[in-house]
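Being a predicted model, the structure only gives us computed values, none of them experimental.
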Amino acid sequence: MSDKENKKINFEGVCPFCGQVSLNEECNCDGAQRERKIQSQIQRATDTIYELFGPDCTENGYIPIADESIKLMREIVEQVAYWKMYSASLHIANGIKAKISRTASGKIKIERSETKKQSLEVED
């Protein structure tokens with residue numbers, strides 16, 4: 001079941017936020033509006049994760065990461081979106097690092113960094 005279908009189920013009949021009975025799928029109470037805004041932010045952050053870490057990241061010169069790591073990052077995004085977590089940093093294989101955080105203005109920030117280090121020693 002997709003997130004969109006899930007939201008429809010939550011908003012059909014009785015609003016889980018205000019208890020109002022409604023025949024349409026969307027209640028306009030503050031809680032329902034806030035939930036739709038959070039769900040939209042989660043979807044946009046998920047799209048950004050796929051852009052930075054998924055198969056399409058090769059267009060930017062990066063190597064994609066495992067699907068399991070992407071799934072974990074999406075779960076972290078949900079925690080950040082619902083203000084249950086401020087930030088998280090992940091150290092993924094091959095020197096790839098990911099950071100997911102909330103900015104002071106309420107945006108969700110997703111960062112990717114890669115550490116490449118080379119060291120050579122020359123004898124006397």
Partner set under side chain to side chain donor-acceptor pair (under 3.5 Å) for Thr103, not counting sequence neighbours: Ser105
What's the spacing between [X] [atom1] and [Y] [atom2] if we round to 0.5 Å?
X	Y	atom1	atom2	result
Lys97	Ser89	NZ	OG	8.5 Å
Thr48	Met73	OG1	CE	10.0 Å
Leu72	Glu68	CG	CD	10.5 Å
Cys15	Glu35	SG	CD	10.0 Å

So, does Gln41 use its side chain to make a donor-acceptor pair with the main chain of Gly106 at under 3.5 Å? yes
Examine distances only and state if a side-chain atom of Ser40 and a backbone atom of Arg36 form a donor-acceptor pair shorter than 3.5 Å. no
Distance-minimising heavy-atom pair for [X] and [Y]:
X	Y	answer
Ala81	Ile38	CB-CG2, 4.0 Å
Val80	Ser101	CG1-C, 4.1 Å
Glu114	Ile63	OE2-N, 4.4 Å

Side-chain atoms of residues 49-60: list all donor-acceptor pairs with protein atoms under 3.5 Å, sequence neighbours left out, distances to 0.1 Å.
residue, atom, partner, partner atom, Å
Thr58, OG1, Pro55, O, 3.3

Determine, stepwise, if the pair Lys107 / Lys109 fulfils side chain to side chain contact (heavy atoms under 4.5 Å, CB included). CA-CA 6 Å; Lys107 297 177 183 176; Lys109 183 176 181 180; over 6 Å; no
So, do Leu90 and Ile76 sit near enough that their side-chain heavy atoms are less than 4.5 Å apart? yes
Would Tyr62 end up clustered with Ile65 when hydrophobic side chains under 4.5 Å apart are linked, directly or stepwise? no
Check the pair Gln79 / Glu75 against side-chain hydrogen bond (donor to acceptor under 3.5 Å, both in side chains), numbers first and verdict last. CA-CA 7 Å; Gln79 295 294 310; Glu75 291 174 12; over 6 Å; no
Does CG in Asp47 sit with more than 12 non-hydrogen atoms of other residues, nucleotides or ligands closer than 6.0 Å? yes
Does Arg74 form a side chain to side chain contact (heavy atoms under 4.5 Å, CB included) with Ile70? I'd like the steps, not just the answer. CA-CA 6 Å; Arg74 189 184 187 289; Ile70 290 176; 5.8 Å; no
Between Gln43 and Gln39, do the side chains contain a donor N or O and an acceptor N or O under 3.5 Å apart? no
Kindly determine whether Phe17 and Gln33 satisfy side chain to side chain contact (heavy atoms under 4.5 Å, CB included), including the steps that lead there. CA-CA 10 Å; Phe17 304 101; Gln33 289 177 3; over 6 Å; no
Run Tyr82 and Ile42 through side chain to side chain contact (heavy atoms under 4.5 Å, CB included) and show every step you take. CA-CA 9 Å; Tyr82 283 105; Ile42 289 170; 3.8 Å; yes
